[in-house]
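Order of the sequence lines sets the chain letters (A, B, ...), proteins ahead of strands, with each chain counted from 1.
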Number of protein chains: 2
Amino acid sequence: MGGQIPETKRRLIAAALELIWRSSYGSVSVDDICKAADVRKGSFYHFFPSKADLAVAAMDHADKELRATYDRIFSPASPPLQRLEELAAFIYDSQKQAAEKYGHACGCPCASLGSEMGAQEPEIRAKFDEQRRHKTRYYQNVIRDLVAEGLLPAASDVKAKADEMFTYLMGRVMLARIENDLEPLRRDLKDGIFRTLGLSVETIPAA
Amino acid sequence: MGGQIPETKRRLIAAALELIWRSSYGSVSVDDICKAADVRKGSFYHFFPSKADLAVAAMDHADKELRATYDRIFSPASPPLQRLEELAAFIYDSQKQAAEKYGHACGCPCASLGSEMGAQEPEIRAKFDEQRRHKTRYYQNVIRDLVAEGLLPAASDVKAKADEMFTYLMGRVMLARIENDLEPLRRDLKDGIFRTLGLSVETIPAA
DNA sequence: AGCGCTCTTGACTATTTGGTCAACAGGACT
DNA sequence: AGTCCTGTTGACCAAATAGTCAAGAGCGCT
């Protein structure tokens, strides 16, 4: 094991993700990242042509790490409503963990990076877009199952609903970071997803 | 006229807002701002104790500039549904203007600043929060009128609905910046507001 | 042994960074 | 005339910035 990615590179990616997630791309220097990863600067530029490239690699890493969790949450074995509830719970939990670790709400690192640097670094925008497509595939899948169960009308525009759900989640999480407040996340996220999809809340039995 | 704010200070604020809106706080240096405003650095630090303070002043300026427009959009003389439509149209238009001016979608400068620097500069977070409270007052007002017209149930939680509306709008606009795509804004913003408030779209006559 | 490869190192650089400061300009008020 | 006061200037600084490079370490292959 160990894989084909060298330890040093791995540490750089992990450190970059942590530091950027906690503060921001602009406030974290290459030296900061090297120090946190205990790597000398020459090694940094051996693996990454630039700071922006490391940021892209960090986004990629964050996404891949989430993949197993998403597969579990969106397991076709669970009833679709439960999948949504689990998604909401997972988002809140991971935000809470980050907030405890770093001292404040951190939002979504990829969205923050996208907002801060997407205009100046097209690869960052492209990576964000890739992840959006990736995540909305999970959402489309669960929405189709909701339609199959009769919880959503057969005429539903699955893709549009999935996009709306993504937008809603990103907005909520982003705002949680800006306002440093996870409470709305805990309180409203599940209902917000339901409302966004057009599931009437009364339909839903208390979980 | 001329007011008590000196020209130089005004130019610094305007330049900072433009540059930060276009790119980001971290990518814009004090020198950049001074150059754009044609002001020497000593003057900068005569008016602002730090770069972050100028950012706060810029947020404040952006908000105050919007005030007249909001007063017009939310005029109690217009039917409440029309106010919402006008808000959606205004948001799209101003985003489009910015996109044409700067070459890409720019989102909300205060939200971007809040996300990027809120954690490290508490005054930035505080200013964002002030503006959130400010804007949601407009939203609460129109929601109350919707209730009065029977378009929303009398039991509606006005404050919660206003907050949800703010969250929705911020999320949409932010995502437009990240993805550099105003089309979802143009296409879905009005309906999204309606859905977020719980106004069934069928209720609404085509405008 | 010798070659080639990936990885590592630390010293280096040129520029930029946010921020300071002493000096000064010019009007207003006495 | 002198003295505030606000605003302006450009020179200055120490630190940080992203990025470079030549030299070598270690390993696997032949």
Side-chain angles (χ1 to χ4, degrees), chain A residues 1-20 22-59 61 113 116-124, chain B residues 1-20 22-59 61 112-113 116-124 127:
Chain A
M1 54 189 61
Q4 57 274 64
I5 295 177
E7 244 296 294
T8 308
K9 188 173 183 179
R10 229 186 278 271
R11 282 211 307 278
L12 281 169
I13 290 173
L17 188 60
E18 282 213 354
L19 293 176
I20 293 175
R22 172 161 43 181
S23 51
S24 70
Y25 180 85
S27 329
V28 170
S29 73
V30 173
D31 282 322
D32 291 337
I33 296 167
C34 287
K35 212 169 183 178
D38 190 32
V39 166
R40 256 46 59 195
K41 232 213 295 244
S43 289
F44 182 109
Y45 285 99
H46 172 71
F47 290 113
F48 303 100
S50 76
K51 186 187 168 189
D53 283 87
L54 171 56
V56 173
M59 290 173 79
H61 172 73
L113 262 168
E116 185 181 350
M117 295 305 296
Q120 297 153 79
E121 300 284 349
E123 293 185 24
I124 287 181
Chain B
M1 53 187 56
Q4 57 273 68
I5 296 177
E7 243 297 294
T8 309
K9 188 172 184 181
R10 229 186 278 270
R11 282 211 308 277
L12 282 169
I13 290 174
L17 188 59
E18 281 214 356
L19 294 176
I20 293 175
R22 172 159 46 182
S23 52
S24 71
Y25 180 86
S27 327
V28 171
S29 72
V30 173
D31 283 321
D32 292 336
I33 296 168
C34 287
K35 212 168 181 179
D38 190 33
V39 165
R40 258 45 60 196
K41 226 206 299 235
S43 289
F44 182 111
Y45 285 99
H46 172 70
F47 290 113
F48 303 101
S50 77
K51 185 186 169 189
D53 284 86
L54 171 57
V56 173
M59 291 172 78
H61 173 73
S112 301
L113 262 167
E116 184 181 350
M117 296 305 295
Q120 297 155 77
E121 301 283 350
E123 293 184 25
I124 288 182
K127 181 54 75 178

[atom2] on [Y] to [atom1] on [X], rounded to 0.5 Å:
X       : Y       : atom1 : atom2 : value
K41(B)  : C34(B)  : NZ    : SG    : 6.5 Å
K9(B)   : H61(B)  : NZ    : NE2   : 12.5 Å
S112(B) : I20(B)  : OG    : CD1   : 10.5 Å
L113(A) : E116(B) : CG    : CD    : 10.0 Å
E123(A) : M59(A)  : CD    : CE    : 11.0 Å

**Request:** Before giving the answer on side chain to side chain contact (heavy atoms under 4.5 Å, CB included), spell out for F48(B) and I13(B) the whole-Å C-alpha distance, their side-chain angles and the decisive distance to 0.1 Å.
**Result:** CA-CA 10 Å; F48(B) 303 101; I13(B) 290 174; 3.8 Å; yes
**Prompt:** What's the CZ-C1' distance between R11(B) and dG7(D), to the nearest Å?
**Reply:** 12 Å
**Request:** If a protein heavy atom is under 4.0 Å from the base, mark B; if only from the sugar-phosphate, S; if neither, -; do that for nucleotides 9-22 of chain D going 5' to 3'.
**Result:** BB------BBBBB-
Please write out each protein N/O paired with an N/O of nucleotides 23-25 of chain D under 3.5 Å, distance rounded to 0.1 Å.
none

**Request:** Find out whether the Lys NZ or Arg CZ of K51(A) is both under 6.0 angstrom from the six-membered ring centre of F44(A) and within 45° of the ring's axis.
**Result:** no
**Asked** Is R11(A) paired with E7(A) through a side-chain N to carboxylate O contact shorter than 4.0 Å?
**Response**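 Salt bridge between E7(A) and R11(A), a charged N being under 4.0 Å from a carboxylate O: yes.
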